[in-house]
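One structure below.
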Amino acid sequence: MGDGVILAIDLGSTSFKAGVYDHRLRAVWERSAPVRYRYGSGGRVELVDVDATLRRILPRRRDLSVIAITSQAQTFTVRGRPFISWQDGRAVAAAARLRRRLPDFAEHCSFAEPLPALLVSQLHHAPVRRGEWVLPLPTYFVNEWIGEPVIDDNLAAMTGLYSLKLHDWWSPACGEERLPRVIPVGTVAGLTRRNRFGLPTGVPVVLAGNDQTAGAFGARLEPNGGTLVTLGTAQVAYRVTRRLTAAGLVRGPYPDGLAYELVADGCGGNWISWALANLRNCATPDEFFAAAAQAPKGCCGLEFDPGTGTWRGLGLHHNTADLARSILEGLCRQLAGQVRQLTRRRRDRIWVAGGGAQRALWRNMLARELGQPVQRCSASPLLGAARMAGISFTP
């Protein structure tokens with residue numbers, strides 16, 4: 001790459017981020033901007049001003065050797081229409097119909113069944129006209145930069161429209177829409193041309209998959225081995241495998257011809273956010289963890305179930321500290337179950353990342369629940385995207 005730098009972009013659900021890395025993958029610049037949403041009836045969730053959000057984070061540099069982009073999955077647009085978020089809740093009935101219509105769905109896709117959040121469900125809820133382009137969020141920007149809509153197979157397989165078995169768009173799931181060209185994750189989609197975002201021309205654009213995959217690549221999970229646990233808004237357990245596993249877990253392509261599998265929930269930081277808003281003297285993360293540290297192990301018989309949001313054994317003798325610690329213990333029990341499901345109960349090295357990994361109390365509780373030590377690591381999607389770019393681009 002010579003003396004040029006790498007621009008990595010992460011199109012997250014909370015914020016868009018950009019980072020500039022030198023040829024040794026050292027971060028030299030970083031910026032982020034919050035994602036804005038518009039909410040409507042029936043569960044409508046749309047992204048607002050995505051162009052302006054991205055422009056706010058892009059550096060004005062002419063020395064870019066390569067650009068890499070990682071993204072949230074499912075969010076998409078059809079030309080001239082709003083961006084529909086993966087959080088949009090209107091496709092429940094469509095997903096139920098697809099479960100009956102596509103009984104072999106799990107054999108082809110990353111997920112075991114058509115979920116309402118998946119692009120396939122959204123398109124069957126509100127079909128587009130024949131010949132209209134469907135552009136997932138990263139594809140929209142790639143199309144603006146290189147003049148062609150392209151997506152990587154890691155993200156394509158998460159839409160429910162792409163077949164891991166056939167390595168192509170899956171006709172039983174697709175309608176009459178037009179879909180992007182698919183390339184292997186971690187490879188070059190094309191070179192930038194003159195564009196509205198001020199990026200220099202002639203720069204290779206590498207597609208770095210979903211943010212969990214980019215984070216795992218940033219943590220160097222494939223050479224280091226083990227299972228990566230993310231303690232964030234959702235709790236995620238993620239492994240790299242030599243080949244694509246059978247249907248059952250979330251799975252898909254990983255760079256360099258490898259594959260991944262993961263188990264995730266929708267809890268994690270969401271329950272801690274609830275605690276910050278509702279528990280007395282727990283208005284900040286520091287206060288929450290300080291309170292949890294004061295309660296004894298087992299919380300005097302109190303158990304919290306993150307899946308249902310309920311407590312068992314709650315009595316008048318329990319206090320804020322017991323409630324706070326019981327949330328963490330419940331999250332650790334649930335996450336340990338996810339890890340065992342992923343590792344098939346064999347002992348595996350456990351790496352922890354995400355905001356919660358900075359908290360020694362949470363790490364130690366998880367280690368006790370797993371019955372083995374855990375090791376903190378950095379799993380930055382920006383760094384992972386930059387690493388893919390550095391490996392994939394050959395001048």
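Heavy atoms only: backbone and side chains are in, while hydrogens, waters and symmetry mates are out.
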Hey, what do you get for CG (Leu228) to CG (Leu262), rounding to the nearest 0.5 Å?
10.0 Å
For Leu370 and Arg340 the tightest heavy-atom approach is CA-NH2, 4.0 Å
Measuring from atom OG1 of Thr241 to atom CG of Leu342, what distance do you get when rounded to the nearest 0.5 angstrom?
9.5 Å
For the pair Asp63 (side chain) and Gly4 (backbone), establish whether a donor and an acceptor sit closer than 3.5 Å, ignoring hydrogens and angles.
no
Taking atom types as modelled, is there a side-chain donor on Thr213 or Tyr238 under 3.5 Å from an acceptor on the other?
yes
Student check: side-chain heavy atoms of Val5 and Leu64 closer than 4.5 Å:
yes
Do Arg90 and Val92 have side chains that approach each other closer than 4.5 Å (heavy atoms only, starting at C-beta)?
no
Within the side chain of Glu148, is there an N or O that forms a donor-acceptor pair under 3.5 Å with the backbone of Ile146?
no
Arg280, CZ atom: more than 12 neighbouring heavy atoms under 6.0 Å:
no
Counting only heavy atoms not in Arg220, do more than 12 sit closer than 6.0 Å to its CZ atom?
no
Measuring from Phe76:CZ to Leu179:CG, what's the distance to the nearest 0.5 Å?
11.0 Å
Just do the side chain to side chain contact (heavy atoms under 4.5 Å, CB included) check on Leu207 and Val205 with the steps written out, would you?
CA-CA 7 Å; Leu207 306 191; Val205 177; 4.2 Å; yes
Pair Glu287, Asn281: side-chain N/O donor-acceptor within cut-off below 3.5 Å:
no
Between Asn154 and Tyr162, do the side chains contain an N or O donor and an N or O acceptor separated by less than 3.5 Å?
no
Connected via hydrophobic side-chain network under 4.5 Å: Val28 and Leu58:
yes
Output for pair (Ile69 CD1, Phe141 CZ), nearest 0.5 Å, gives 7.0 Å
Of all the heavy-atom pairs spanning Pro253 and Ala157, show the shortest one and how long it is.
CD-CB, 4.3 Å
Look at the rings of Phe304 and Trp311 and say which category their plane angle falls in: under 30° parallel, 30 to 60° tilted, over 60° perpendicular.
tilted
Do the side chain of Thr75 and the main chain of Trp86 share a donor and acceptor less than 3.5 angstrom apart?
yes
Is the backbone of Asp348 close enough, under 3.5 Å, to the side chain of Gln372 for a donor and an acceptor to pair up by distance?
yes
Assign the ring pair Phe105 / Trp170 to parallel, tilted or perpendicular, where the plane angle (0 to 90°) is split at 30° and 60°.
tilted
Compare every heavy atom of Pro204 with every heavy atom of Val188, then report the nearest pair and how far apart it is.
CG1-CB, 4.0 Å
Donor-acceptor check, side chain of Gln72 to backbone of Gly12, threshold 3.5 angstrom: yes or no?
yes
Would you check, one step at a time, whether the test side chain to side chain contact (heavy atoms under 4.5 Å, CB included) holds for Asp168 with Val182?
CA-CA 8 Å; Asp168 199 358; Val182 182; 6.0 Å; no
For Leu361 against Ala293, the heavy-atom pair lying closest together:
CD2-N, 3.8 Å
Got Gln74 and Gln122 here, is their nearest side-chain heavy-atom distance under 4.5 Å?
no
Nearest heavy-atom pair of Val20 and Pro59: which atoms, and what distance?
CG2-CG, 3.9 Å
Intermediate values then yes/no, salt bridge (charged side-chain N to carboxylate O under 4.0 Å, His left out), Asp22 and Arg24
CA-CA 5 Å; Asp22 66 18; Arg24 295 183 180 178; over 6 Å; no
Do Asp265 and Pro306 have side chains that get closer than 4.5 Å, going by heavy atoms?
no
Considering all heavy atoms of both residues, which atom of Ser71 and which atom of Pro138 are nearest to each other, and what is their separation?
OG-CD, 3.4 Å
Decide yes or no on side chain to side chain contact (heavy atoms under 4.5 Å, CB included) for Leu323 and Leu302, but give the supporting numbers first.
CA-CA 8 Å; Leu323 290 168; Leu302 180 63; 3.9 Å; yes
With the side chain counted from C-beta on, respond yes when Val240 and Phe217 share a heavy-atom pair under 4.5 Å apart, and no when they do not.
no
Measure the CZ-CD1 distance between Phe289 and Ile272 for me, rounded to the nearest 0.5 Å.
4.0 Å
For a 4.5 angstrom cut-off between non-hydrogen side-chain atoms, does Gln375 reach Val352?
no
Test applied, salt bridge (Lys or Arg N to Asp or Glu O under 4.0 Å); reference residue, Glu144; option that passes from Arg196, Arg55, Arg193
Arg196
Do Val48 and Tyr39 sit in the same hydrophobic cluster, where Ile, Leu, Val, Met, Phe, Trp and Tyr count as joined when their side-chain heavy atoms come under 4.5 Å apart?
no
Distance alone, cut at 3.5 Å: any donor-acceptor contact between the side chains of Ser15 and Lys17?
yes
Test side chain to side chain contact (heavy atoms under 4.5 Å, CB included) applied to Glu303 and Glu329, step by step:
CA-CA 8 Å; Glu303 287 190 3; Glu329 288 187 353; over 6 Å; no
Quick one: are Leu279 and Trp274 in side-chain contact, heavy atoms under 4.5 Å?
yes
Is there a donor-acceptor pair under 3.5 Å between the side chain of Asp153 and the backbone N or O of Ala156?
no
When you measure from the side chain of Arg56 to the backbone N and O of Ala33, does any donor-acceptor pair fall under 3.5 Å?
no
When you check the side-chain N and O atoms of Gln212 and Tyr260, is any donor under 3.5 Å from an acceptor?
no
Just by modelled atom types, is the Asn319 backbone N or O under 3.5 Å from a matching donor or acceptor in the Asp322 side chain?
yes
Side-chain donor/acceptor of Thr192 to backbone N/O of Trp145, under 3.5 Å:
no
To the nearest 0.5 angstrom, please state how far the OG1 atom of Thr53 sits from the CD1 atom of Ile57.
8.5 Å
Okay, side chain of Thr139, backbone of Val150: is any donor-acceptor separation there less than 3.5 Å?
yes
Quick check: do Pro285 and Arg359 have side-chain heavy atoms less than 4.5 Å from each other?
yes
